[in-house]
Enquirer: 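This is the structure I have questions about; it appears just below.
Below, read A as the first sequence line, B as the second, and so on, with proteins coming before strands; counting in each chain starts at 1. Only heavy atoms go into these numbers, but all of them, side chains included; no hydrogens, no water, no symmetry mates. Please read these numbers as outputs of a predicted model, since none were measured by experiment.
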Amino acid sequence: MAVGGDPDGRGVVATANYAARRFGVRSAMSCAEARRRCPDLVFVRPDIREYRAWSERVWATVDVLVPVCEPVGLDEGYLDLGDDDPVGLARAVQLAVAERVRLSASLGVASCKVVAKIASDRDKPGGLTVVSPGGEREFLSPLAVRLLPGAGPRTTARLLEAGIATIGDLADLPPERVAALIPGRVGELLRDRARGVDPRPVMAEPAERISVSTERTFDRDVTDRGELARRGEEMAHDVASSLARRGRCARTVWVKLRYGDFSTVTRSHTMAAATDDAGLIWRQAWHLLEGALEHRPGPLRLLGVGASGLSEQHQLALF
DNA sequence: TCTGGGGTCCTAGGACCC
DNA sequence: TCTGGGGTCCTAGGACCC
């Protein structure tokens with residue numbers, strides 16, 4: 001079974017059960033490819049409300065045992081287990097979630113986020129992997145560099161080309177070679193992480209949102225301006241209601257265009273004052289869209305509308 | 001009928017300001 | 001008689017995460 005988008009259209013796999021994974025079905029794979037690999041695959045559309053409800057049940061259970069929790073998305077997160085008996089507390093969390101929510105949880109216990117996350121992935125489903133303080137390098141060293149959070153497909157390809165295959169290889173690299181391979185702060189960050197160095201604390205408070213957006217991949221590439229206008233205006237309204245729901249206004253409006261060849265263009269405009277008005281957001285977005293299409297015409301596979309530069313909503317005084 | 005959707009962070013150049 | 005330096009904002013693109 002796979003959960004994801006339209007298997008007869010342009011959908012991708014969001015996740016798949018272990019039976020499907022044995023056929024090579026993976027997250028982010030196109031549904032068409034997944035079906036080729038596993039012809040009897042059953043496709044299910046996602047039900048985000050259901051997942052949210054289950055997620056809340058899990059976190060309500062965890063919060064009772066661990067006061068400082070940082071959810072990441074719906075289905076994972078970091079817990080500050082303290083110094084007293086972190087492994088005992090981890091077992092208690094696992095047990096409570098199994099008994100009260102009837103879900104299994106995979107946990108990793110370690111001295112920092114990056115090691116804990118990698119450890120949590122080592123034994124699924126339902127495992128618990130402990131990395132003792134001081135054992136970080138030894139634990140990370142033999143693992144594939146792709147497993148390091150922050151080393152995505154691009155970076156991993158570059159590293160592999162240079163003969164760096166494991167996290168240990170990256171950890172042992174002299175700084176000049178890291179800088180040549182992955183310039184800027186990203187390279188330093190990844191090498192630190194490869195050495196088990198990660199100063200990020202567990203955040204008890206969710207971060208302020210800094211942008212809202214919506215985008216749609218069309219069933220077929222769209223050239224017709226009228227259709228683009230209809231779809232775009234809907235999206236502008238969705239963005240405006242998302243802002244209003246959060247009590248926010250935005251100063252920057254942007255559009256995203258993806259052409260038939262998958263190349264992607266963005267255009268943004270920053271206004272003098274922030275707004276949550278759907279009509280105003282749409283007028284800005286349409287202007288940007290027309291400009292982009294004038295610069296590069298062609299059928300669009302995807303259109304997106306977004307807003308950033310968020311501030312608190314405020315009502316101007318009338319008197 | 002290959003390649004989703006909602007996000008964050010980083011980079012880099014140009015404008016602008018003191 | 002060349003063309004400072006540092007900081008911030010804006011824009012566009014890219015990499016990454018769940």
Enquirer: Using OP1 and OP2 only, check whether a side-chain N or O of A:S211 sits under 4.0 Å from B:dT8.
Expert: yes
Enquirer: Looking at A:R301, does any N or O in its side chain come under 4.0 Å of the phosphate oxygens OP1/OP2 on B:dT3?
Expert: yes
Enquirer: Tell me, please, whether A:Y18 has A:R22 positioned over its six-membered ring: NZ or CZ under 6.0 Å from the ring centre and within 45 degrees of its axis?
Expert: no
Enquirer: Please report the distance, rounded to the nearest Å, between CG in A:D6 and C1' in B:dG4.
Expert: 11 Å
Enquirer: Need one value for A:R146: base, sugar-phosphate or nothing, where a base atom within 4.0 Å counts as base even if backbone is also close, heavy atoms only.
Expert: sugar-phosphate
Enquirer: Measure from the side chain of A:R216, starting at C-beta and using heavy atoms only, and say which of B:dG7, B:dC10, B:dG5 lies closest.
Expert: B:dG5
Enquirer: From CD1 of A:I48 over to P of B:dG5, roughly how many Å is that when rounded to an integer?
Expert: 13 Å
Enquirer: Report which part of the nucleic acid A:V12 touches: base, sugar-phosphate, or nothing (heavy-atom distance under 4.0 Å, all strands).
Expert: base
Enquirer: Under 3.5 Å, is there a donor-acceptor pair between the side chain of A:S120 and the main chain of A:K117?
Expert: yes
Enquirer: How is A:R45 classified with respect to the nucleic acid when contacts are heavy atoms under 4.0 Å: base, sugar-phosphate, or nothing?
Expert: nothing
Enquirer: Measure the CG-CZ distance between A:L303 and A:F218 for me, rounded to the nearest 0.5 Å.
Expert: 5.0 Å
Enquirer: The side chain of A:V212 is closest to which nucleotide in this list: B:dG4, B:dG7, C:dT11?
Expert: B:dG7
Enquirer: Rounding to a whole Å, what distance do you find between A:I182:CD1 and C:dG14:P?
Expert: 18 Å
Enquirer: Round to the nearest Å and state the distance from A:R296 atom CZ to C:dA12 atom P.
Expert: 15 Å
Enquirer: Just one of A:R245, A:Q313, A:R248 clears the side-chain hydrogen bond (donor to acceptor under 3.5 Å, both in side chains) bar with A:D276, so which one?
Expert: A:Q313
Enquirer: Take A:R185 and A:I210, find for each the nucleotide of DNA chain B with the closest heavy atom, and name the residue whose nucleotide sits nearer the 5' end.
Expert: A:I210
Enquirer: Please work out if A:K117 contacts a base, only the sugar-phosphate, or nothing of the nucleic acid, heavy-atom cut-off 4.0 Å.
Expert: sugar-phosphate
Enquirer: Check this for me: does any side-chain nitrogen of one of A:R52 and A:E56 sit under 4.0 Å from a carboxylate oxygen of the other?
Expert: no
Enquirer: Within the 4.0 Å heavy-atom criterion, would you say A:D75 contacts the bases, only the backbone, or no part of the nucleic acid?
Expert: sugar-phosphate
Enquirer: Mind checking if A:G184 touches a base, just sugar-phosphate, or nothing, with heavy atoms under 4.0 Å?
Expert: sugar-phosphate
Enquirer: Should the heavy atoms of other residues, nucleotides or ligands under 6.0 Å from CG of A:D47 be counted, would the total exceed 12?
Expert: yes
Enquirer: Can you give me the dot-bracket string for DNA chain B, 5' to 3', counting Watson-Crick and G-U wobble pairs with both distances under 3.5 Å, using [ ] for crossing pairs and | for partners on another strand?
Expert: ....||||||||||||||
Enquirer: Side-chain N or O of A:R10 less than 4.0 angstrom from OP1 or OP2 on B:dT1?
Expert: no
Enquirer: Could you name each residue pair satisfying salt bridge (Lys or Arg N to Asp or Glu O under 4.0 Å) that touches residues 181-192 of chain A, not counting sequence neighbours?
Expert: none
Enquirer: Pick one for B:dT3: is it syn, with its angle within 90° of 0, or anti?
Expert: anti
Enquirer: Is the phosphate of B:dT1 approached by A:R35 (side-chain N or O, under 4.0 Å from OP1 or OP2)?
Expert: no
Enquirer: Please give, in whole Å, the distance from B:dG6 P to A:R246 CZ?
Expert: 11 Å
Enquirer: Given B:dG5, is OP1 or OP2 found less than 4.0 Å from the side-chain N or O atoms of A:S213?
Expert: no
Enquirer: Under a 3.5 Å cutoff, is there a donor and acceptor pairing between the side chains of A:R246 and A:S242?
Expert: yes
Enquirer: Would you mind telling me which of A:R137, A:R177, A:R195 makes a salt bridge (Lys or Arg N to Asp or Glu O under 4.0 Å) with A:D172?
Expert: A:R137
Enquirer: Within 45° of the ring axis of A:W286 and under 6.0 Å from its six-membered ring centre, is that where the NZ or CZ of A:R283 lies?
Expert: no
Enquirer: Measuring to OP1 and OP2 of B:dG7, would you say a side-chain N or O of A:R209 lies under 4.0 angstrom away?
Expert: yes
Enquirer: Can you tell me how far P of B:dG5 sits from CH2 of A:W254, to the nearest Å?
Expert: 12 Å
Enquirer: Classify the nucleic acid contact of A:G9 as base, sugar-phosphate or nothing, counting any heavy atom under 4.0 Å across all strands shown.
Expert: sugar-phosphate
Enquirer: Distance check, P atoms only: B:dA15 and C:dG4, in whole angstrom units.
Expert: 15 Å
Enquirer: For a quick check of understanding: with a heavy-atom distance under 4.0 Å over all strands, which category does A:A207 fall into, base, sugar-phosphate or nothing?
Expert: nothing
Enquirer: Where the side chain of A:P149 is defined as all heavy atoms beyond and including C-beta, which of C:dC17, B:dT3, B:dG5 is the nearest nucleotide?
Expert: C:dC17
Enquirer: Looking only at the side chain of A:S30 (C-beta and beyond, no hydrogens), which of the listed nucleotides B:dC2, C:dC10, B:dC9 gets closest?
Expert: B:dC2
Enquirer: Within the structure, does a side-chain N or O atom of A:T266 lie under 4.0 Å from either OP1 or OP2 of C:dG13?
Expert: yes
Enquirer: Under 4.0 Å: is that the gap between some side-chain N or O of A:T155 and OP1 or OP2 of C:dC16?
Expert: yes
Enquirer: Mind checking A:V13 for me? I need base, sugar-phosphate or nothing, with any heavy atom below 4.0 Å counting as a touch.
Expert: nothing
Enquirer: Within a 6.0 Å radius of atom CZ on A:R91, are there more than 12 heavy atoms belonging to other residues, nucleotides or ligands?
Expert: no
Enquirer: Could you work out which one of C:dG13, C:dC10, C:dC16 sits closest to the side chain of A:V265?
Expert: C:dG13
Enquirer: Looking only at side-chain atoms of A:T214, point me to the closest of B:dT8, C:dT11, B:dG6.
Expert: B:dG6
Enquirer: Contact class for A:P183 vs. all strands (heavy atom < 4.0 Å): base, sugar-phosphate, or nothing?
Expert: nothing
Enquirer: Separation of A:R26 atom CZ from B:dC2 atom C1', in whole Å?
Expert: 17 Å
Enquirer: Counting heavy atoms from C-beta on, name the nucleotide in B:dT3, C:dC18, C:dC16 closest to the side chain of A:P153.
Expert: C:dC16
Enquirer: Can you tell me how far C1' of C:dT11 sits from CD of A:Q284, to the nearest Å?
Expert: 15 Å
Enquirer: Check whether any side-chain nitrogen or oxygen of A:R251 sits under 4.0 Å from OP1 or OP2 of C:dC9, and answer yes or no.
Expert: no
Enquirer: So which nucleotide from C:dC18, B:dC2, B:dG6 ends up closest to the side chain of A:E76?
Expert: C:dC18
